[in-house]
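No experiment lies behind these values; they were computed from the predicted model shown. Residue numbers start from 1 in every chain, and the chains themselves are labelled A, B, ... in the order their sequence lines are given, proteins ahead of strands.
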Protein chains: 2
Amino acid sequence: MKHRLTLAAYPQGLPGPEHFHLDSQPIPEPADGQVLLRTLYLSVDPYQRNLMAPVGPGYAPPVPLGGVMVGGTVSRVVASRHAGFRPGELVLANAGWQDYSLSDGSDLLALGDVKQPSHALGGLGMPGFTAYVGLLDIGQPKPGETVVVAAATGAVGSVVGQLAKLKGARVVGIAGGADKCRHAVEVLGFDACLDRREPELARRLAEACPQGIDVYFENVGGDVLAAVLPLLNLNARMPVCGFISHYNDAAPVPGPDLASVLAKRIRVQGFIILDHYGERFDAFRRDMGAWLAEGRITLREDIVDGLEQAPAALARLLQGGNFGKTVVRVSES
Amino acid sequence: MKHRLTLAAYPQGLPGPEHFHLDSQPIPEPADGQVLLRTLYLSVDPYQRNLMAPVGPGYAPPVPLGGVMVGGTVSRVVASRHAGFRPGELVLANAGWQDYSLSDGSDLLALGDVKQPSHALGGLGMPGFTAYVGLLDIGQPKPGETVVVAAATGAVGSVVGQLAKLKGARVVGIAGGADKCRHAVEVLGFDACLDRREPELARRLAEACPQGIDVYFENVGGDVLAAVLPLLNLNARMPVCGFISHYNDAAPVPGPDLASVLAKRIRVQGFIILDHYGERFDAFRRDMGAWLAEGRITLREDIVDGLEQAPAALARLLQGGNFGKTVVRVSES
C-alpha cells in the first residue's frame with residue numbers, strides 16, 4: 001500500500017498532527033512516460049508552513065484541503081516507463097509527504113551515485129542554494145566584514161555562516177541553546193554564537209560585533225532583527241529569505257524602519273530561491289560539491305524516522321527544536 | 001551689515017520662525033586664501049528639518065544651537081584672496097542661511113555663465129541629482145514599467161517622473177491638490193497624477209496602475225507607502241531618499257513589511273546623495289544640462305524673497321505647501 005499525508009485543516013498558529021490526515025491507497029502503476037517513485041527522504045522546511053493556508057504566500061501555490069502535503073524528496077525510481085530514468089536510480093523529486101508517487105520526469109533531477117542522498121535536500125539542495133544565492137549574490141561579504149545569521153545551526157544558517165567564513169568574513173551566529181552555539185563555533189567555525197534564549201540579546205550582539213554588522217542574513221525576523229538594526233554599518237546588506245519567528249502569526253511582520261534604511265544606506269532584498277535555479281544552480285552544485293568534498297563545509301542533519309512523524313517534525317522545526325537540517329526517513333535506502 | 005539666521009531652539013514637530021534667531025554682524029573680511037561670498041539664493045530642502053535636532057540623522061552633522069542654519073546656496077564672489085576665484089563669479093556654495101559668508105574655496109563649485117543660477121539648487125543640483133541616482137541607478141526603470149513617485153511636483157519628484165518618462169516608463173505621480181496634479185500631467189508629462197488629499201488613495205492608485213508598480217521612489221513614507229505596497233510587482237525596486245511625511249514625528253517610521261519584501265522580491269535601498277558626488281555628479285550635470293537645454297526636462301521653482309522668510313518657507317515645504325523647488329532669493333543677482 002501507498003501512504004500519504006493530506007492537509008486536513010488550516011492551522012491557526014502552530015501546525016500539528018491534527019492538521020493532517022494519514023491514509024493509504026493501492027500503489028499506483030506508471031502510465032506511459034511516467035515513473036513510479038519510492039520516497040527515501042522527505043524534506044521538512046519552514047516555507048511549508050506558509051503553504052498551509054487558503055491564500056498562499058505568492059511564491060508557490062498553497063496546499064488545498066485534502067491535497068497531499070507538498071515538499072522535496074529524495075526518491076528511488078522503482079518502475080519506469082520513461083526513457084530517461086531506469087529502475088534503481090536516485091532522483092531529487094517533489095513527491096510531497098507520501099511514500100510512493102508518480103512523475104512524468106519533468107520535476108526530477110538525477111542524483112547519480114551520491115554518498116549521502118539526503119544532502120540533496122539540505123546543503124546540496126534548496127536550503128544550501130538559498131544560503132549561496134542570498135549570501136554570495138546579495139549579501140556579498142568582503143574579507144574582514146561582519147556577517148550575522150540566526151538559526152545558525154539550521155539548514156540555511158549553518159551554510160550561510162560557513163560560506164561567510166570561506167569569504168574571509170567574521171561570522172556571528174544566533175541559535176537557541178548552548179549546545180547549538182557550541183556546535184556553531186567548534187564544528188562550523190563561526191567566530192561567535194549567541195544563545196537567543198539568554199537575556200539581553202541586543203547588548204550581547206553589540207559586544208560580539210565590535211565593528212558593527214555589514215551583512216545580516218534575515219531568516220527569522222522579530223527580536224533578532226530589532227537587535228541587529230542599530231548595529232548595521234553604512235551600506236549594510238540584508239538578504240531576506242524568510243522570517244520563521246513569524247510564520248505562525250497572522251499579523252504583518254515589520255521590516256527595518258525607513259530612518260535606518262536611509263541613514264545607513266541599507267539594501268534590503270527579498271528573494272525566493274525558486275527564481276534562481278535556471279541561472280545559478282549549476283554553479284552552486286559545483287562549488288558546494290567541491291567544498292563538501294574538501295571538508296570545508298560541514299552538514300548536520302536532524303533525521304526523523306517514519307512518514308507519520310513528518311507533522312511533528314514540522315512543528316518542532318517551527319519552534320526551533322531541530323538541530324541541523326530536518327529530514328524524515330520514509331524508507332530504507 | 002551681514003545678516004544670519006541661527007538655530008535658537010530645537011523644534012518639537014513643525015519648525016517655524018520661533019526656532020530661529022535673526023542677527024546682524026559686520027561683513028567679514030576674507031583672510032589670505034579665502035573668498036567673501038554674497039548669497040543670491042538659498043535652498044530650502046526637507047533634509048534640513050532632520051539637522052534641527054540634538055542628535056542628527058547620521059548622514060550629516062546636526063546644527064548646534066546658536067549655529068548658522070545650514071543649506072546650499074548660489075553665491076557671488078564679492079572679494080577674493082583665493083587664486084581660484086575672481087570677484088563677480090557665481091558659485092554653488094554651502095553658505096547656509098546668511099547673506100554674506102567666507103569660504104576657503106574647498107566647498108565651492110564654479111557655475112560659469114548660467115541662465116538660471118537658482119537651478120543649481122534644484123534640477124541641476126542636489127535634488128535633481130537625488131532623482132537621477134535614485135531613479136536611474138537604483139530604480140532602473142525599463143520601458144513599459146510603471147513608476148510611482150509622490151511629492152510629484154516637488155524638487156525631487158518632478159525630476160524623477162520626467163526621467164522615468166525619458167526612459168519609456170509609465171509614470172503615476174501623487175501630489176497635494178488639483179493644481180499640482182494638473183501641472184504634473186500637462187506640463188511635466190506624467191501619465192497620471194493623484195491628489196493625495198482626496199479619499200481612497202489606495203483604490204485610486206490601484207486603478208491608475210493596472211499593471212502594478214515596478215519602481216516606487218520613496219520620498220514621503222506614510223499613507224503613500226501603505227497604498228503602494230500591495231501593488232508592487234515581483235522584483236520591484238524601492239529607492240529610499242527620504243520620508244518627508246514623518247520628519248516632524250519622533251516615532252520610528254515603518255518600512256515595507258517583510259512578507260511583502262519576500263513574496264515580491266522587493267529591493268529596498270536607502271541612499272544618501274552625498275555619497276554619490278565623486279562617482280556620478282559629472283555624468284548627471286552633463287545629462288541633465290543637455291535634457292534641460294533640449295526642453296526635455298522642465299523645472300518649476302517656488303521662489304520666496306528675503307532671508308528672513310526662510311523659516312516660514314521651510315515650514316511650508318514640510319507641510320507640502322510649496323509648488324516646485326523652494327528657493328529663497330536673498331539678494332538680487
A.B. asks: Measure B:Phe243 against the heavy atoms of chain A and call it side chain, backbone, both or neither at under 4.5 Å.
C.D. replies: side chain
A.B. asks: Give, as side chain, backbone, both or neither, the part of B:Leu225 having an atom under 4.5 angstrom from any heavy atom of chain A.
C.D. replies: side chain
A.B. asks: Working to the nearest 0.5 angstrom, can you tell me the gap between B:Tyr59 OH and A:Lys264 NZ?
C.D. replies: 14.5 Å
A.B. asks: What closest approach, in Å, do A:Asp275 and B:Arg265 show between heavy atoms, and which atom pair accounts for it?
C.D. replies: OD2-NE, 2.7 Å
A.B. asks: Quick check on the structure: residues of residues 227-239 of chain A within a heavy-atom distance below 4.5 Å of chain B, by number.
C.D. replies: A:Met238
A.B. asks: Could you tell me whether B:Asp223 atom CG has more than 12 heavy atoms of other residues or ligands within 6.0 Å of it?
C.D. replies: no
A.B. asks: Need one label for A:Pro256: side chain, backbone, both or neither, based on atoms under 4.5 Å from any heavy atom in chain B.
C.D. replies: both
A.B. asks: Name the one of B:Val253, B:Asn50, B:Ile272 that satisfies side-chain contact (heavy atoms from CB on, under 4.5 Å) with A:Leu262?
C.D. replies: B:Ile272
A.B. asks: For the candidates B:Gly58, B:Ala259, B:Ala60, B:Gly221, which exhibits the highest count of non-hydrogen atom pairs separated by less than 4.5 Å from chain A?
C.D. replies: B:Ala259
A.B. asks: Check whether any side-chain heavy atom of B:Glu218 sits under 4.5 Å from a side-chain heavy atom of A:Leu258, and report yes or no.
C.D. replies: yes
A.B. asks: Looking at every non-hydrogen atom in both residues, tell me the closest pair between A:Pro57 and B:Ala263 and how far apart they are.
C.D. replies: O-CB, 3.1 Å
A.B. asks: Please, which pairs that meet side chain to side chain donor-acceptor pair (under 3.5 Å) have at least one residue in residues 149-159 of chain A, sequence neighbours excluded?
C.D. replies: none
A.B. asks: Count the heavy atoms belonging to other residues, nucleotides or ligands that lie under 6.0 Å from CD of B:Glu207, then report whether that count exceeds 12.
C.D. replies: yes
A.B. asks: Which one of A:Gly56, A:Cys241, A:Gly242, A:Ser260 has the most heavy-atom pairs closer than 4.5 Å to chain B?
C.D. replies: A:Cys241
A.B. asks: Checking B:Val268 against A:Arg267 for the side-chain contact (heavy atoms from CB on, under 4.5 Å) test, could you report, in this order, the C-alpha distance in whole Å, the side-chain angles of both residues, the deciding distance, and whether it holds?
C.D. replies: CA-CA 6 Å; B:Val268 181; A:Arg267 175 178 177 183; over 6 Å; no
